2 protein chains.
Amino acid sequence: MTGPALKIRLVVEGGDWLGPGKADLLEAIAETGSISAAGRRMGMSYKRAWSLVETLNAMFRSPLVSSSRGGAGHGGAALTESGAEVLRLYRAIQSKGAEAVAGEVAALHRLSVMSAEK
Amino acid sequence: MTGPALKIRLVVEGGDWLGPGKADLLEAIAETGSISAAGRRMGMSYKRAWSLVETLNAMFRSPLVSSSRGGAGHGGAALTESGAEVLRLYRAIQSKGAEAVAGEVAALHRLSVMSAEK
DNA sequence: CATCGTTATGTCCAATCAGATATAACGAGG
DNA sequence: CCTCGTTATATCTGATTGGACATAACGATG
């Protein structure tokens with residue numbers, strides 16, 4: 001078993017969702033302090049990263065990411081209080097969910113091609 | 001809260017995955033005895049339903065759906081033993097997973113636009 | 001007031017995806 | 001041996017998606 005293999009999506013009204021990709025992006029923004037640096041780290045274009053942030057901000061009642069242009073640090077971005085809370089909740093859902101269904105996931109993996117004998 | 005809003009995907013090697021859509025399709029095939037009838041029930045084209053079945057069969061070590069053409073019933077499809085087991089495991093993952101993270105999901109929903117006051 | 005890296009936004013294009021459509025094979029039963 | 005509804009497969013097309021590229025705004029600092 002190489003990766004997590006269990007991905008949890010939280011779908012909100014309108015079809016948008018929060019999943020592993022956007023959660024990782026939030027984490028990268030928190031650590032790098034910039035949307036573009038986070039995008040580079042994750043191997044995606046700035047535009048893609050920015051559009052994901054736009055989606056995230058629209059999904060919740062208050063923005064998850066605050067950003068500024070120009071200035072001393074030449075602009076940047078950071079998680080808001082809501083953003084940090086959403087990320088924390090999503091990580092908790094990931095870990096608690098994975099733990100709760102570990103047995104069934106293992107059983108499924110034994111049936112999948114991932115466990116094909118050599 | 002209108003819908004489930006929590007969607008769990010099991011990603012296997014190669015990028016294919018088992019999620020709510022394919023699980024519902026398996027269930028519909030089990031109940032209708034036909035790929036095309038299951039597709040009609042779910043509002044998708046036969047081609048789409050069939051290609052999903054093809055993907056499912058390739059994801060696991062043995063096929064989940066067996067099918068036949070012609071004959072008395074003019075052909076049809078059914079779940080194999082593996083197919084029934086996979087569906088059962090996925091449903092268990094759905095319910096156990098949702099139960100384990102219900103608190104965090106509720107907290108996230110309170111932050112989301114889904115709980116915007118009127 | 002010029003500089004800098006970032007945010008913000010638009011346009012264009014290739015790739016992918018799903019729907020629509022068409023056709024053939026199937027094979028027990030009438 | 002013809003019929004039937006289904007499986008199986010191919011082709012075409014419109015829609016969506018993401019990458020590439022371009023441009024402008026920003027604003028504290030030097």
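Lettering follows sequence order; numbering is per chain, from 1. None of the values given here were measured: they were computed from a predicted structure.
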Legend entry - Atom-pair distance (OH on A:Tyr46; P on D:dA24), nearest Å: 17 Å
Inset, instruction - Could you identify which residues cluster with A:Val113, counting Ile, Leu, Val, Met, Phe, Trp and Tyr as linked when any side-chain heavy atoms lie under 4.5 Å apart, either directly or through a chain of such contacts? - result: none
Legend entry - Phosphate-side-chain proximity, A:Trp50 and C:dA8, N/O vs OP1/OP2 below 4.0 Å: yes
Inset, instruction - Indicate whether OP1 or OP2 belonging to C:dT7 is found under 4.0 Å from a side-chain N or O atom of A:Ser68. - result: no
Inset, instruction - Describe, as an angle rounded to 10 degrees, how the axis at the first end of the helix from C:dA18-D:dT13 to C:dG30-D:dC1 is tilted relative to the axis at the last end, five pairs per end. - result: 20°
Inset, instruction - Quick one: label B:Ser51 by what it contacts on the DNA or RNA (base, sugar-phosphate, nothing), any heavy atom closer than 4.0 Å. - result: nothing
Inset, instruction - Tell me whether the OP1 or OP2 atom of D:dG5 has a side-chain N or O from B:Ser34 closer than 4.0 Å. - result: no
Could you list, one pair per line, each protein nitrogen or oxygen that sits under 3.5 Å from a nitrogen or oxygen of nucleotides 2-4 of chain D, together with the distance?
| unit_1 | atom_1 | unit_2 | atom_2 | d |
| --- | --- | --- | --- | --- |
| D:dC4 | O2 | B:His74 | ND1 | 2.8 |

Contacts under 3.5 Å, N or O only, protein and nucleotides 15-18 of chain C:
| unit_1 | atom_1 | unit_2 | atom_2 | d |
| --- | --- | --- | --- | --- |
| C:dA18 | OP1 | B:Arg48 | NH2 | 3.3 |

Inset, instruction - Mind jotting down which residue pairs meet the salt bridge (Lys or Arg N to Asp or Glu O under 4.0 Å) criterion with at least one end in residues 35-45 of chain B? Sequence neighbours excluded, please. - result: B:Glu31-B:Arg41
Inset, instruction - Could you list all the salt bridge (Lys or Arg N to Asp or Glu O under 4.0 Å) pairs where at least one residue sits in residues 78-98 of chain B, not counting sequence neighbours? - result: A:Glu104-B:Lys96, B:Asp24-B:Arg91, B:Glu27-B:Arg91, B:Glu85-B:Arg88
Inset, instruction - Please state whether the phosphate of D:dT6, meaning OP1 or OP2, lies under 4.0 angstrom from any side-chain nitrogen or oxygen of B:Ser67. - result: no
Inset, instruction - Determine the minimum heavy-atom distance between B:Asn57 and B:Val65, stating which atoms define it. - result: OD1-N, 3.1 Å
Legend entry - Worked check of side-chain contact (heavy atoms from CB on, under 4.5 Å) between A:Leu64 and A:Leu79: CA-CA 6 Å; A:Leu64 305 192; A:Leu79 296 195; 5.6 Å; no
